[in-house]
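By convention in this document, chain letters (A, B, ...) are assigned in the order of the sequence lines, proteins followed by strands, and residues within each chain are numbered from 1.
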Amino acid sequence: MHYLDNAATTRPSEAAVAALTRVATVCYGNPSSLHALGFEAEHELREARRSVAKALGTQPERIVFTGSGTEASNLALFGLADRRRGSKLITTDAEHPAVLETLRAVAQRGGFTLHLLSTAGGAPSLDEAAALIDDDTALVAMMLVNNETGAIFPVREVGALVQKTRARFHVDAVQAFGKLPFAPEGLLCHSLAVSAHKIGGVKGVGALWLAKGVSPSPVIYGGGQERGLRSGTEPMPAIAAFGAAAGEYAARYAAAGIPALREAAVKGLLELGCVINQPPVACPSILNFSVPGLRAEPMLHLLSQRGVYLSSGSACSSHKKGASHVLVAMGLPEPLLRGALRVSFGPDNTMQDVQALLGGISACQTTLAREDV
Amino acid sequence: MNDELILLKCGEISLKGLNRRRFESILLSNLRHRLRRVGSFSCQILQSTVTVSCLEQDPPEALLLGAPSLMDRAYDECLRVFGFVSAVRARGCPKELPLICELAAEYLREPLSRARTFKVESKRADKSFPYPSPQISAEVGAFVLSRFPHLKVDVHNPDFTVHVEVRDHLAFVHGDADPAAGGLPVSSSGRGTLMLSGGIDSPVAGYLMARRGLRVDAVHFHSFPYTGERARQKVEELARLVGRYAGDVDFFVVPFTHVQEVLRDTCSPEYFTILTRRFMVRITEAIALSRESGCLITGESLGQVASQTLEGLLATNCVAQRLPILRPLIGMDKEDIVAISRKIGTFETSIEPYEDCCALFSPKHPKTKPKLPELEREEAKLDVEGLVREAVEGAQLTLLRYGRD
């Protein structure tokens with residue numbers, strides 16, 4: 001098997017699975033309980049929070065565990081959008097649905113107007129951002145790394161623009177976490193969302209980083225866990241796995257030599273006549289390319305049959321019909337849109353996976369029906 | 001309420017004269033087959049009415065708050081068995097007027113308490129019963145009024161109607177009947193082979209022909225890698241949903257990519273669509289004949305797409321050499337078809353968007369009025385028989401047994 005879909009999800013690491021098993025079978029108490037098993041669980045929770053905070057270069061008390069990266073963004077966007085700060089919500093046209101759809105709902109329910117920065121060419125322009133962000137802005141949201149193209153967006157620069165206003169700034173760092181060196185404080189944002197299963201943890205938990213003094217109103221009410229910001233008994237096995245994964249992911253990622261894998265893949269794909277859909281600045285873990293004349297879906301089916309797993313667009317949106325909104329926004333021409341594929345590397349990948357990818361694409365080119373041009 | 005019964009009225013099979021016994025026996029066998037999935041039930045037919053009674057206690061999970069009882073589940077099944085025009089839940093008692101009155105007031109207490117007006121309708125199948133129908137109605141009505149003083153009689157437009165049926169062995173009391181699935185019992189007309197795609201139309205066509213008494217086999221053409229495993233699963237799910245009415249469905253998946261590749265490489269592009277359809281019909285007929293099926297069923301509707309013009313239908317019709325092609329949707333508008341699709345519960349699955357990349361093969365401007373000699377000239381370039389044989393031999397059969405999974 002050649003798993004090249006690490007932006008969709010990653011294989012849980014051995015350490016993560018060990019932590020999950022330990023907490024599910026031994027320290028299975030409720031962290032709120034006042035007996036020894038509860039204390040043990042509370043200890044596990046504290047350790048996991050410390051580990052995630054350390055990986056983010058921040059303090060444990062800044063971290064709120066949520067049920068997913070999407071939920072973390074929902075908490076930030078619903079919780080921080082305040083009509084008294086302004087009437088505008090600003091984001092980009094290439095955001096993940098976790099932010100884009102949430103902001104649409106926030107706009108509709110709260111009487112805001114939503115403005116989308118164009119990402120033509122692959123990233124938003126600072127000039128457009130500067131023109132739009134003003135004293136009537138309530139909230140700005142932007143991803144650090146785009147999940148389909150790997151584009152790195154100028155988050156810090158936008159943060160500096162937001163700082164001059166009363167607006168709040170949320171960053172979706174789900175794809176960047178563990179791959180780019182960054183600390184939320186350095187991005188000049190008020191909140192930042194990450195997810196466990198993209199860095200070798202398991203599905204079912206994410207986290208929201210909150211700057212000091214920033215306190216969104218909760219989306220989920222109940223027993224007051226997570227400082228009252230996210231009620232519900234903590235999913236301890238998944239949180240422990242998150243802690244274990246966060247503690248080792250950046251090192252595992254760095255050891256895998258992903259820039260070299262990417263370089264080899266790019267070279268091979270260009271030799272096969274593929275087009276690299278390359279944004280100006282990209283995170284090496286994500287590589288988007290098009291095979292001219294071919295459609296993405298049959299290629300994915302054929303590659304899957306050969307044990308090569310990748311995506312067209314992002315896994316989250318591939319059940320929606322039509323072309324990727326990110327690539328459309330980037331300005332990709334129609335024939336390239338239809339044949340666009342995404343490879344995303346992770347710590348387990350080797351040069352053999354790249355060879356299998358190139359062999360698979362070459363097989364697609366010889367066997368699959370071509371589009372009439 | 002274990003002595004509750006279900007009364008099912010047979011539809012047109014009661015008009016079948018000498019064949020009636022055969023139809024009735026198929027109907028009962030279908031009904032019993034279906035109810036066996038729910039629990040242990042007795043089904044008796046008498047005077048064109050089937051009486052269903054439950055022979056076992058409700059299991060513990062049916063006693064959970066809000067959980068359906070065995071009778072609830074059986075009734076739901078009965079409403080989807082072809083061959084019945086109406087269904088109603090009832091209770092029976094010995095044929096004595098005071099007992100009938102008591103039963104009506106007791107069994108129908110809830111709807112009677114909620115109603116403001118009512119009437120009683122009686123039927124006396126057993127003519128030896130000493131009271132004529134109007135008198136039964138009057139007696140029962142008076143008794144109900146004495147128990148539910150808030151009620152008023154309204155014979156023209158009542159909120160609720162109490163029905164009394166005096167039959168050979170027992171008297172029955174019930175409220176208004178529900179319309180049932182109608183049609184003829186599945187299998188009573190033989191077997192048909194449905195060309196099933198992932199769209200809206202073909203599941204509806206399968207449902208409609210099952211309602212006319214056909215047992216349905218379904219054939220799906222799969223073009224891996226242009227259609228994926230999820231698309232195949234979706235079609236299998238559609239076949240299962242048709243099976244909620246049609247019962248057991250034998251589901252064939254035919255590997256079709258090779259045929260399409262050969263057509264693309266050999267024939268003029270404008271004929272691609274219609275030639276593809278001709279191959280589908282040939283392959284379906286071959287499978288049908290191997291299963292002693294008596295017809296092909298398609299979801300075609302006149303003029304809907306390029307291959308469904310009269311010329312297109314002629315071009316596909318004539319390659320089926322021995323079996324008729326039934327097209328129950330031929331005169332229907334899309335809205336009519338969608339309405340049935342929603343009613344039978346296939347619509348939501350039909351519109352799931354799994355990309356069908358067979359469009360890759362399709363020409364931008366397909367022939368809407370293909371001429372037979374032109375098609376035959378194109379096919380002369382191919383080993384038609386060999387391609388059909390290869391596809392039929394590669395077909396994979398899944399037995400979708402209703403209620404078993």
Side-chain angles (χ1 to χ4, degrees), chain A residues 1-2 5 8 97 148 290-325 327-328 334-342 356-357 359-373, chain B residues 197-200 220-237 253 255-273 275-276 279 306 347-367 387 394 396:
Chain A
M1 185 180 78
H2 303 280
D5 203 13
E148 295 192 37
S290 296
V291 188
L294 295 188
R295 286 239 193 145
E297 274 223 10
M299 287 195 277
L300 289 182
H301 296 147
L302 205 65
L303 289 162
S304 168
Q305 204 181 35
R306 298 167 65 102
V308 181
Y309 300 148
L310 49 145
S311 277
S312 65
S314 69
C316 292
S317 64
S318 59
H319 61 272
K320 291 184 195 155
K321 211 165 179 170
S324 144
H325 73 288
L327 299 179
V328 170
E334 174 69 23
L336 292 184
L337 280 177
R338 288 200 293 254
L341 297 176
R342 178 190 73 180
L357 167 72
I361 296 296
S362 166
C364 288
Q365 289 175 317
T366 48
T367 55
L368 290 178
R370 295 188 159 270
E371 200 101 44
D372 331 335
V373 190
Chain B
S197 72
I200 294 168
H220 176 60
F221 293 89
H222 189 47
S223 305
F224 189 87
Y226 302 98
T227 53
E229 174 56 20
R230 284 197 174 111
R232 196 201 66 80
Q233 276 173 11
K234 166 186 160 176
V235 179
E236 181 173 324
E237 177 60 19
V253 176
F256 200 53
T257 315
H258 187 220
V259 171
Q260 289 175 302
E261 285 169 348
V262 169
L263 287 175
R264 174 198 64 191
D265 296 341
T266 321
C267 300
S268 297
E270 70 265 34
Y271 297 110
F272 180 85
T273 311
L275 291 172
T276 303
F279 269 94
F347 183 76
E348 291 301 321
T349 302
S350 286
I351 60 171
E352 278 175 18
Y354 293 117
E355 199 177 347
D356 180 348
C357 292
C358 290
L360 268 185
F361 292 116
S362 311
K364 290 210 170 63
H365 301 290
K367 281 263 177 195
L387 286 167
Q396 286 190 330

Next on the checklist: Give me the atom names and distance for the closest heavy-atom approach of A:Ala369 to B:Tyr226.
Outcome noted: N-OH, 2.6 Å
Item to check | Heavy-atom closest pair, residues B:Pro225 and A:His301 | outcome: O-ND1, 2.7 Å
Checklist entry - Side chains of B:Phe224 and A:Gln305: does their closest heavy-atom pair fall under 4.5 Å? => result yes
Next on the checklist: Under 4.5 Å from any heavy atom of chain B, what part of A:Thr367 do you find: side chain, backbone, both or neither?
Outcome noted: backbone
Checklist entry - Side chain, backbone, both or neither: which part of A:Leu368 has an atom under 4.5 Å from a heavy atom of chain B? => result both
Next on the checklist: Tell me whether the count of non-hydrogen atoms from other residues, nucleotides or ligands lying under 6.0 Å of CD in B:Glu229 goes above 12.
Outcome noted: yes
Checklist entry - By a 4.5 Å heavy-atom criterion (distance strictly below it), what part of B:Glu352 contacts chain A: side chain, backbone, both, or neither? => result neither
